[in-house]
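In what follows, chains are A, B, ... by sequence order, proteins preceding strands, each numbered from 1. All heavy atoms count here, side chains included; hydrogens, waters and symmetry mates do not.
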Amino acid sequence: MSENIRVRFAPSPTGYLHVGGLRTALFNYLFARKNKGKFILRIEDTDRSRYVEGAVENLIETLKWVGLDYDEGPDVGGEFGPYFQSQRLELYHKYAKELIDKGYAYYAFDTPERLKQLREEQLKKKLQPKYDKRDLYLSKEEVKKKLEAGEPYVIRLNVPPSEKVIVTDVIRGTVEFNTDIIDDQILIKSDGYPTYHLANVVDDHLMKISHVIRGEEWLPSTPKHVLLYKYLGWELPVFAHLPLLLNPDRSKLSKRQGDVAVEDYKAKGYLKEALINFVALLGWNAGDDKEFYLMDELIEKFSLEGVNKAGAVFNIEKLNWLNGEHIRFKSAEELLPLVKEEYEKSEYANLNLSDEYLLKIINAMKERVEFVKDFIYTCKYFYEAPKEYDENVLRKRWKADTPEHLKTLLDEFKKLENPAKEDFEQTLRATAEKLGIGAGKLIHPVRLAVSGVGKGPGVFDLLYIIGKDEVIRRIETALEKIKTEEN
RNA sequence: GGCGCAUUCGUCUAGCGGUCUAGGACACCGCCCUCUCAAGGCGGAGAUCACGGGUUCAAAUCCCGUAUGCGCUACCA
């Protein structure tokens, strides 16, 4: 492996960062960090019709959010800039011209109509649709005349017939293509912008990219790139084509079948750690059974050799599990800012709850949540008194003698002063003993009365967190409400 | 249609010629723990390694073919 490892993530600013893009970016990032190389962000904005306002900012923001910091890029600069392809137009024209001079490319003046017609005819004859090289045979004078007349033109690659092009890929080995099936690819469009193929090759060379790590959808066009490198007299980078991310029905991951934008996952409450962890495991494995990874460990373990060849279905269930795992891995203090953010967006924001209170909730709920949001919506009883009582639990746990038992307990609770968790427990157990009943006969009704539901943290934690006064209030209202409902 | 890539439990995967009567994880089921729900622990079910031929003393692992899936086939990336 060469000493100067330089890789790049080169998205088009067409909207948001796709999870497939995230995976590609991540693998580039991991490879760079692992090998002490450079990770570069380059914006491939050569299709003006697909350009979306604000997409670049959005891309950068989400990349920052997940922690994929790049060494060179549009907003951080670098010695190989500019990092927007739209600002590098002269460069592409320079090399396109060089190719023309060498006979590897040529001007073409076809109208879109002719091209369309040509295609249809070829399709009808069941031929491979490709340009017929009509304008390759224009004389220099004719070309000059048309150019001077201001006729719209494109520049096409002059692909030679019946040659073999070998693509060497670290993940897939050697792939052979015959040039007969390769079209005379347009290099420069009639609007003066380059196509991906030219821009990509020129920039990768100029930016000294050592490894091209990108999605598998690029494999079929790699022979064109190889030709370009050859004609320009440039050294080939190492290619690595990553397996695709798939929908559950095994088609290429797309919207329609679930969320596809990284920002959607962020909005849904996924931790960046979980997303990174999950996406890293889609098509890569260290060769062992480890599944829980932090970024540093990924960097340490990553290698292109560990990348799979087959596409991977994006399995949301596993992401969910990993999200829970990462929540559990974090301390309550680390979780606090995340929970606060959710809390402040919630209907309970005006409660002015203290950090201490939130911390208690976090500790009580950490083992039972999958999302940060769950710290609020899965345990609303920490924020408000129950509005209703779960009927199934009611039926199962609220017996005829329950109100009486609860009243006794209530009296005991009222005597408590500044009770700790242990005080609640002691009191409840002692009361149960006094009444000659199992502690469960009190525990379950108390939980129901205080939380309205039959699940959650241990009751004594619950009571302690909610606090004596509120506990008493809630038990009293439960006694009232449930009695009246029974009658 | 053409070209290319891929194919191990439902899903993500381990496996790189003998240790595989194929291992782990998610999801599912059961048990334990227990005041509930989780978490955790233990166990279960789940893959004739797509199929068919070879090569070899020996193949999930190498080769060929078939099937299926997917990708590409644009003045999109």
Asker: Paired with B:C42: which nucleotide, if any, by Watson-Crick or G-U wobble criteria at under 3.5 Å for both distances?
Answerer: B:G30
Asker: Examine the side chains of A:Asp203 and A:Tyr92 and answer whether a donor and an acceptor come within less than 3.5 Å of each other.
Answerer: yes
Asker: Only one of A:Leu242, A:Leu219, A:Thr222 forms a side-chain contact (heavy atoms from CB on, under 4.5 Å) with A:Arg214, so which one is it?
Answerer: A:Thr222
Asker: Taking atom types as they are modelled, would you say the side chain of A:Arg368 forms a donor-acceptor pair with the base of B:C37 within the 3.5 Å cutoff?
Answerer: yes
Asker: When the P atoms of B:C16 and B:U55 are considered, how many whole Å apart are they?
Answerer: 24 Å
Asker: Quick one about A:Tyr106 and A:Asp184 (side-chain donor to acceptor, distance below 3.5 Å, no hydrogens or angles considered), yes or no?
Answerer: yes
Asker: Would you state whether a donor and an acceptor, one from the side chain of A:Lys318 and one from the base of B:A25, lie under 3.5 Å apart?
Answerer: yes
Asker: How many Å lie between CH2 on A:Trp218 and P on B:U73, as a whole number?
Answerer: 8 Å
Asker: Does B:C72 have a Watson-Crick or wobble mate here (both distances under 3.5 Å), and if so which one?
Answerer: B:G2
Asker: Does A:Arg250 make a side-chain donor-acceptor contact with the base of B:C70, cut-off 3.5 Å?
Answerer: no
Asker: Between the side chains of A:Tyr153 and A:Asp135, does any donor sit under 3.5 Å from an acceptor?
Answerer: no
Asker: Considering only atom C1', compute the distance from B:C28 to B:G10 and round it to an integer number of Å.
Answerer: 10 Å
Asker: With P as the reference atom in both, quote the distance from B:C29 to B:C35 in angstrom, rounded to an integer.
Answerer: 24 Å
Asker: Return the nucleotide paired to B:C51: Watson-Crick means purine N1 to pyrimidine N3 with N6-O4 or O6-N4, wobble means G-U with N1-O2 and O6-N3, both under 3.5 Å.
Answerer: B:G65
Asker: Base, sugar-phosphate alone, or nothing: which one does A:Ser12 contact when heavy atoms must sit under 4.0 Å apart?
Answerer: sugar-phosphate
Asker: Rounded to the nearest angstrom, tell me the gap between atom CG in A:Asp374 and atom P in B:A39.
Answerer: 12 Å
Asker: The side chain of A:His197 lies closest to which of these nucleotides: B:G4, B:U11, B:A77?
Answerer: B:A77
Asker: Which part of the nucleic acid, if any, lies within reach of A:Ala310 when heavy atoms closer than 4.0 Å are counted: base, sugar-phosphate only, or nothing?
Answerer: sugar-phosphate
Asker: B:C35 pairs with which nucleotide, Watson-Crick or G-U wobble, both distances below 3.5 Å?
Answerer: none
Asker: Please measure how far the C1' atom in B:U66 lies from the corresponding atom in B:C26, and state the result in whole Å.
Answerer: 34 Å
Asker: 5'-most contact on RNA chain B: A:Lys309 or A:Trp284, nearest heavy atom basis?
Answerer: A:Lys309
Asker: In Watson-Crick or G-U wobble terms, both distances under 3.5 Å, what is the partner of B:U11?
Answerer: B:A25
Asker: According to a strict under-4.0 Å criterion, is A:Ser251 in side-chain N/O contact with OP1 or OP2 of B:G69?
Answerer: no
Asker: With a cut-off of under 6.0 Å to the ring centre and 45° to the axis, is A:Arg23 in cation-pi contact with A:Phe27?
Answerer: yes
Asker: Can you tell me, in whole Å, how much space there is between the C1' of B:A27 and that of B:C20?
Answerer: 25 Å
Asker: Within the structure shown, what part of the strands sits under 4.0 Å from A:Leu115 by heavy-atom distance: base, sugar-phosphate, or nothing?
Answerer: base
Asker: Between B:A77, B:A39, B:A27, which one does the side chain of A:Tyr196 approach most closely?
Answerer: B:A77
Asker: How far, in whole Å, is B:G15 from B:U7 if one measures between their P atoms?
Answerer: 13 Å
